[in-house]
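The structure under discussion appears below in the form of structure tokens.
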Amino acid sequence: MDKISIIVPCYNEQASIPHLIPELNKLMESMKECEFEVILIDNCSEDDTLNMMKEIHEKDDRYQYISFSRNFGKDSSMTAGLQASTGDYVAIMDADLQDPPEILPTMYKTIKEEGYDCVAAYRENRKGEPFIRSALARIFYKLMGKISNYEVVNGARDYRLMSRQMVDAVISLDESIRFSKGIFSWVGFKTKWIGFENRERVAGDTKLPMKSAFQYAIRGIVGFSTVPLVMASILGLVFFFVAIIYTLYVIISQSLFREAVSGYPSLMCVMLFGFGLTFLVLGIIGQYLAQMYLEIKSRPKYIIKESSMKEK
Ligand code: UDP
Ligand code: MG
């Protein structure tokens with residue numbers, strides 16, 4: 001009998017959990033051929049999430065919980081769940097029912113019958129999301145695919161079912177600044193993508209404001225591509241050549257034709273442009289340096305304060 005672990009990262013989800021649990025129960029009921037373990041990860045919520053988890057665990061010991069000492073972000077929650085999981089197959093699912101539990105049986109069947117290592121879900125549309133956000137997301141996924149060799153499907157969710165072998169591979173990547181979508185792609189394995197109609201969160205608000213979405217994008221690019229650094233070098237090189245040619249022009253026109261050097265406005269433009277570019281390039285290098293700095297400290301990815309699970 002296969003065991004499936006379901007990991008659910010939760011941050012202030014007291015409104016969603018009462019909707020989630022019956023759905024999960026229904027799901028487990030419909031998959032009698034499997035054994036289940038649900039690991040609820042509390043990302044140090046300020047509301048009643050942890051207490052609810054404890055209650056659920058008391059009533060039904062298929063439900064386990066892990067609670068962090070502070071908010072370490074969703075990617076750390078997923079890592080904690082993967083590391084604690086004991087199933088032959090492991091699923092990651094959001095608490096807000098935006099990842100439909102009812103497609104999990106199809107995911108499982110696909111892995112078992114079609115020989116995939118992983119089945120991942122993506123949203124076919126982004127109905128209900130602000131236009132600007134979906135447009136930016138689309139640009140990000142395009143860019144990401146171009147400049148790293150690791151494809152991230154547009155609309156990709158973190159919702160997926162993976163084999164134990166793949167989970168072990170994902171855990172073996174020890175980086176502390178984790179961009180999970182990139183990691184899932186980096187480890188390889190055969191992945192099948194299945195689409196589903198976007199749905200609104202069942203209750204509560206999104207925990208990923210625009211600001212963290214930007215930080216998330218930068219983390220992804222810096223973590224999985226060095227193309228921006230190459231671009232910075234190329235920019236430097238181009239400007240170096242432009243400078244040489246312009247210098248030659250000035251020298252020649254001065255010595256041959258005694259032309260006055262053109263005035264203040266053009267000089268100002270060149271200087272401002274040059275300075276702007278210098279800082280831009282420095283900024284790019286800075287992003288990489290910052291990630292290296294944080295990575296070198298090799299701090300733990302999360303700190304567990306309470307848990308119903310035994311340490312592995
Ligand atoms: N989440 C988390 N830690 C965080 C932010 C979010 O564990 O710091 C969880 C959240 O409870 C939810 C999932 O990650 O189960 C996805 O978050 P959300 O629905 O806010 O993101 P969105 O679906 O809007 O991208
Ligand atoms: Mg959501």
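Read the numbers this way: they start at 1 and go in the same order the structure lists the ligands and their atoms. Just so we're clear, the structure is a prediction, and the values are computed from it rather than from any experiment.
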List the closest protein heavy-atom neighbour of [atom]: residue, atom name, distance to the nearest 0.1 Å.
atom                    : answer
atom 14 (O) of ligand 1 : Lys74 CD, 3.2 Å
atom 9 (C) of ligand 1  : Pro9 O, 3.6 Å
atom 3 (N) of ligand 1  : Asn43 ND2, 3.0 Å
atom 20 (O) of ligand 1 : Lys207 N, 2.4 Å
atom 25 (O) of ligand 1 : Leu208 CD2, 4.2 Å
atom 2 (C) of ligand 1  : Tyr11 CB, 3.6 Å

Query raised in the report: Is Phe189 reachable from Phe179 through a run of hydrophobic residues whose side-chain heavy atoms are each under 4.5 Å from the next?
Result: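 As far as the 4.5 Å side-chain criterion goes, Phe189 and Phe179 are connected within one cluster.
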Within the 4.0 Å heavy-atom shell around [X], which atoms of ligand 1 are there?
X      : answer
Ser77  : 7 (O)
Asp96  : 19 (O), 23 (O)
Glu13  : 10 (C), 11 (O), 12 (C), 15 (O)
Asn71  : 8 (O)
Ala95  : 15 (O)
Asp94  : 13 (C), 15 (O), 16 (C), 23 (O)
Arg201 : 18 (P), 19 (O), 20 (O)

Report task. Please determine which of Arg299, Lys301, Glu295, Lys297 meets the side-chain hydrogen bond (donor to acceptor under 3.5 Å, both in side chains) test together with Ser176. Result -> Glu295
Query raised in the report: If you measure from the Lys or Arg side-chain nitrogens to the Asp or Glu carboxylate oxygens, is any gap between Arg123 and Glu200 under 4.0 Å?
Result: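 A salt bridge is absent here (no side-chain N lies under 4.0 Å from a carboxylate O).
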Report task. Give a yes or no on whether a salt bridge exists between Lys109 and Glu33, defined as a side-chain N under 4.0 angstrom from a carboxylate O. Result -> no
Report task. Would you indicate whether Met271, at its atom CE, is surrounded by more than 12 heavy atoms from other residues, nucleotides or ligands within a distance under 6.0 Å? Result ->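 No - once you tally the heavy atoms of other residues, nucleotides and ligands closer than 6.0 Å, there are 12 at most.
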Requested in this report: May I ask you to decide if the ring planes of Tyr246 and Tyr249 are parallel, tilted or perpendicular, using 30° and 60° as cut-offs?
Outcome: tilted
Report task. Examine all N, O or S atoms of Asp96, backbone included, and report whether one is under 2.8 Å from the Mg ion (ligand 2). Result -> yes
Query raised in the report: Among side-chain atoms of Asp75 and Tyr302, is any donor-acceptor pair under 3.5 angstrom?
Result: no
Query raised in the report: Quick one: OG on Ser16 to CD on Gln98, what's the gap to the nearest 0.5 Å?
Result: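 Going from the OG atom of Ser16 to the CD atom of Gln98 covers 9.0 Å.
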